[in-house]
S.K.: 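One structure is given below, represented as structure tokens, and several questions about it will come after.
Just so it is clear, the values below take in all heavy atoms, side chains as well, and ignore hydrogens, waters and symmetry mates. Note that the structure is predicted; figures quoted are calculated from it, not measured. Read the numbers this way: they start at 1 and go in the same order the structure lists the ligands and their atoms.
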Amino acid sequence: MELQSILFGLTAFIGFITLSKTIVTFLRWVWIAFLRPSKNLTDYGTWALVTGSTDGIGKAIAFELASKGLNLVLVGRDLLKLEHTSNALCEAYGSTVQIKYIVIDFVKAKGVEIVKKIEEEISGLDVGLLINNAGMANSYAEYFHLIDTQVVESIVRVNIEAATWVTKAVLPVMLKKKKGAIVNIGSASGFIPLPLSTVYSATKSYIEMFSRSISLEYKHTGIHVQCQAPFIVATKMTSIRRSSFFIPSAEMYSKASLRQIGYENICTPYWTHYIFWCILDALPEALRDRFVLRHYLTLREKGLLKMSMKNKKNP
Ligand SMILES: NC(=O)c1ccc[n+]([C@@H]2O[C@H](COP(=O)([O-])OP(=O)(O)OC[C@H]3O[C@@H](n4cnc5c(N)ncnc54)[C@H](OP(=O)(O)O)[C@@H]3O)[C@@H](O)[C@H]2O)c1
Ligand SMILES: *[C@@H]1O[C@H](CO)[C@@H](O)[C@H](O)[C@H]1NC(C)=O
């Protein structure tokens with residue numbers, strides 16, 4: 001009888017602790033995702049530099065930053081798209097912010113050229129925020145040995161090298177004033193392996209470790225470094241046009257993205273992405289990997305079909 005009541009008490013106690021922990025974790029997440037006030041981004045400096053700001057997430061972030069009163073340096077590879085984005089931003093926010101753009105193709109430019117060009121263009125500007133967003137992936141899921149070598153090289157250049165060189169160019173400005181925030185757009189695929197997009201996935205893992213290491217290196221200099229790891233966003237990269245529950249639009253993502261700047265060093269800003277993350281995390285790894293592989297093999301079939309139809313249309 002006594003043993004029984006002790007056991008009962010112990011079970012109830014453990015249950016209580018577990019439940020409280022879950023509730024605290026959940027409330028903390030609600031606070032972080034929806035309620036915690038954003039940092040005042042103009043506090044870091046009056047200018048923000050965004051790479052890959054002519055489309056998708058980067059473009060949406062540029063608009064969001066302009067709406068908060070930040071002047072912008074847009075970096076992109078396509079002069080026409082840069083002019084177009086710059087004009088649209090001026091039309092919307094031109095009376096309150098200044099816009100500047102730099103043409104760099106991260107596939108073609110060498111490291112030293114990128115660093116020099118950016119240093120020159122931002123000299124004298126109070127740049128407090130850097131968003132390393134430019135990125136590319138193979139256009140459809142494909143086996144590593146079948147992907148064009150040039151495509152692999154481009155992915156490495158844009159995803160790994162661009163962020164590295166641009167950070168190298170912008171950091172000294174932040175160091176001088178002992179203030180700044182760097183946001184590197186990684187991906188959930190830097191944490192969860194993505195078969196048939198292996199190089200993409202691996203480059204995003206580089207972004208994660210680059211961010212983690214450098215954030216420690218400059219922690220005591222007033223510079224905050226963050227790696228954001230989103231799941232799928234409806235952009236040209238994913239060829240998904242419409243948003244859905246687990247797939248936000250670039251605009252929806254960018255709003256969530258800005259809310260997290262200056263806080264955790266690694267984060268998944270969009271709330272349903274985070275839920276998806278918890279679901280995948282709860283699965284046994286082997287099951288999760290099988291699910292991902294199956295999904296990407298289907299995507300490969302679809303991609304190949306699309307390519308062959310395209311090739312038939314314009315041979
Ligand atoms: N969409 C997703 O599901 C998803 C998920 C996780 C992480 N991400 C990451 O989020 C970031 C933005 O992706 P997104 O979905 O917004 O893609 P996106 O719509 O294709 O936009 C990519 C941006 O990068 C620019 N860019 C590409 N190659 C470049 C080069 N060689 N030189 C200079 N700029 C270049 C593009 O320029 P153009 O306008 O000239 O093409 C564009 O502005 C990437 O780092 C991506 O890996 C995306
Ligand atoms: C944000 O910071 C800037 C610069 O420090 C300051 O001028 C501005 O008033 C602040 N804005 C808010 C809403 O606190």
S.K.: Any N or O on V233 sitting closer than 3.5 Å to an N or O of ligand 1?
M.R.: yes
S.K.: Between N133, I207, N184, which one has a non-hydrogen atom sitting closest to atom 45 (O) of ligand 1?
M.R.: N133
S.K.: Treating S201 as the side-chain partner and S197 as the backbone partner, does any N or O pair qualify as donor plus acceptor under 3.5 Å?
M.R.: no
S.K.: Among all protein heavy atoms in this structure, tell me which lies nearest to atom 5 (O) of ligand 2, with the distance rounded to 0.1 Å.
M.R.: D43 OD1, 2.6 Å
S.K.: Ion pair present between E251 and K255, side-chain N to carboxylate O less than 4.0 angstrom?
M.R.: no
S.K.: Under a 4.0 angstrom heavy-atom cut-off, which atoms of ligand 1 come close to G56?
M.R.: 16 (O), 19 (O)
S.K.: Provide the number and element of each atom of ligand 1 under 4.0 Å from a heavy atom of F106.
M.R.: 30 (C), 31 (N), 32 (N), 33 (C), 34 (N)
S.K.: What protein heavy atom lies closest to atom 40 (O) of ligand 1? Include the residue and the distance to one decimal.
M.R.: R77 NE, 2.9 Å
S.K.: Heavy atoms, side chains only, cut-off 4.5 Å: are L35 and V30 in contact?
M.R.: yes
S.K.: Any idea which atoms of ligand 1 are less than 4.0 Å away from a heavy-atom of A134?
M.R.: 24 (O), 45 (O)
S.K.: So is K302 actually on top of Y140's ring, under 6.0 Å and inside 45° of the axis?
M.R.: no
S.K.: Around atom 15 (O) of ligand 1, find the nearest protein heavy atom and jot down its residue, atom name and distance.
M.R.: T235 OG1, 2.5 Å
S.K.: Would you list the pairs meeting side chain to side chain donor-acceptor pair (under 3.5 Å) in which at least one residue belongs to residues 85-107, sequence neighbours left out?
M.R.: K100-E121
S.K.: Looking at I99 and L74, what are the two nearest heavy atoms and their distance?
M.R.: CG2-CD1, 3.8 Å
S.K.: Where does the angle between the aromatic ring planes of Y274 and W29 fall among parallel (under 30°), tilted (30 to 60°) and perpendicular (over 60°)?
M.R.: parallel
S.K.: Looking at ligand 1, does P230 have a heavy atom less than 4.0 Å from it?
M.R.: yes
S.K.: Just jot down the ligand 1 atoms closer than 4.0 angstrom to any heavy atom of T238, in number order.
M.R.: 1 (N), 2 (C), 3 (O)
S.K.: Taking the side chain as everything from C-beta on, heavy atoms only, tell me whether M136 gets closer than 4.5 Å to R157.
M.R.: no
S.K.: Does an N or O from S187, backbone or side chain, lie closer than 3.5 Å to an N or O of ligand 1?
M.R.: no
S.K.: May I ask you to list the atoms of ligand 1 that are less than 4.0 angstrom from any heavy atom of G135?
M.R.: 22 (C), 24 (O), 27 (C), 44 (C), 45 (O)
S.K.: Return the residue, atom name and 0.1 Å-rounded distance of the protein heavy atom closest to atom 43 (O) of ligand 1.
M.R.: T54 OG1, 2.9 Å
S.K.: Show me which atoms of ligand 1 lie under 4.0 Å from any heavy atom of I104.
M.R.: 32 (N), 33 (C)
S.K.: Given T46, N40, L41, which one has a non-hydrogen atom that is nearest to atom 3 (C) of ligand 2?
M.R.: N40
S.K.: Nearest protein heavy atom to atom 10 (O) of ligand 1, by residue and atom, and its distance?
M.R.: I185 CG2, 3.3 Å
S.K.: Please list, in number order, the atoms of ligand 1 under 4.0 Å from a heavy atom of I232.
M.R.: 3 (O)
S.K.: Counting both backbone and side chain atoms, is some N or O of K204 under 3.5 Å from an N or O of ligand 1?
M.R.: yes
S.K.: Would you say G186 touches ligand 1, if touching means a heavy atom closer than 4.0 Å?
M.R.: yes
S.K.: G76 versus ligand 1: do any nitrogen or oxygen atoms come within less than 3.5 Å of each other?
M.R.: no
S.K.: Among protein heavy atoms, which sits nearest to atom 17 (O) of ligand 1, and what does the distance come to when rounded to 0.1 Å?
M.R.: M237 CB, 3.5 Å
S.K.: Any non-hydrogen atom of K236 lying under 4.0 Å from ligand 1?
M.R.: yes
S.K.: Which heavy-atom pair separates T42 from G69 by the least distance, and what is that distance?
M.R.: CG2-O, 4.1 Å
S.K.: Is the closest basic N to carboxylate O distance between K204 and E208 below 4.0 Å?
M.R.: no
S.K.: What protein heavy atom sits nearest atom 16 (O) of ligand 1, and how far away is it?
M.R.: I57 N, 2.8 Å
S.K.: Would you mind checking which non-hydrogen protein atom is closest to atom 8 (N) of ligand 1, with the distance to 0.1 Å?
M.R.: Y200 OH, 3.5 Å
S.K.: Tell me, do T167 and F210 make a side-chain contact under 4.5 Å, heavy atoms counted?
M.R.: yes
S.K.: Which of the atoms in ligand 1, numbered in the order shown and given with their element, are less than 4.0 Å from a heavy-atom of V107?
M.R.: 31 (N)
S.K.: Where on D105 is there a heavy atom closer than 4.0 Å to ligand 1, on the side chain, on the backbone, on both, or on neither?
M.R.: both
S.K.: Taking the six-membered ring for Trp, are W277 and F191 parallel (under 30°), tilted (30 to 60°) or perpendicular (over 60°)?
M.R.: perpendicular
S.K.: For atom 23 (C) of ligand 1, what is the closest protein heavy atom, and at what distance to 0.1 Å?
M.R.: G52 O, 3.6 Å
S.K.: With the threshold set at under 4.0 angstrom, would you say V75 reaches ligand 1 through any of its heavy atoms?
M.R.: no
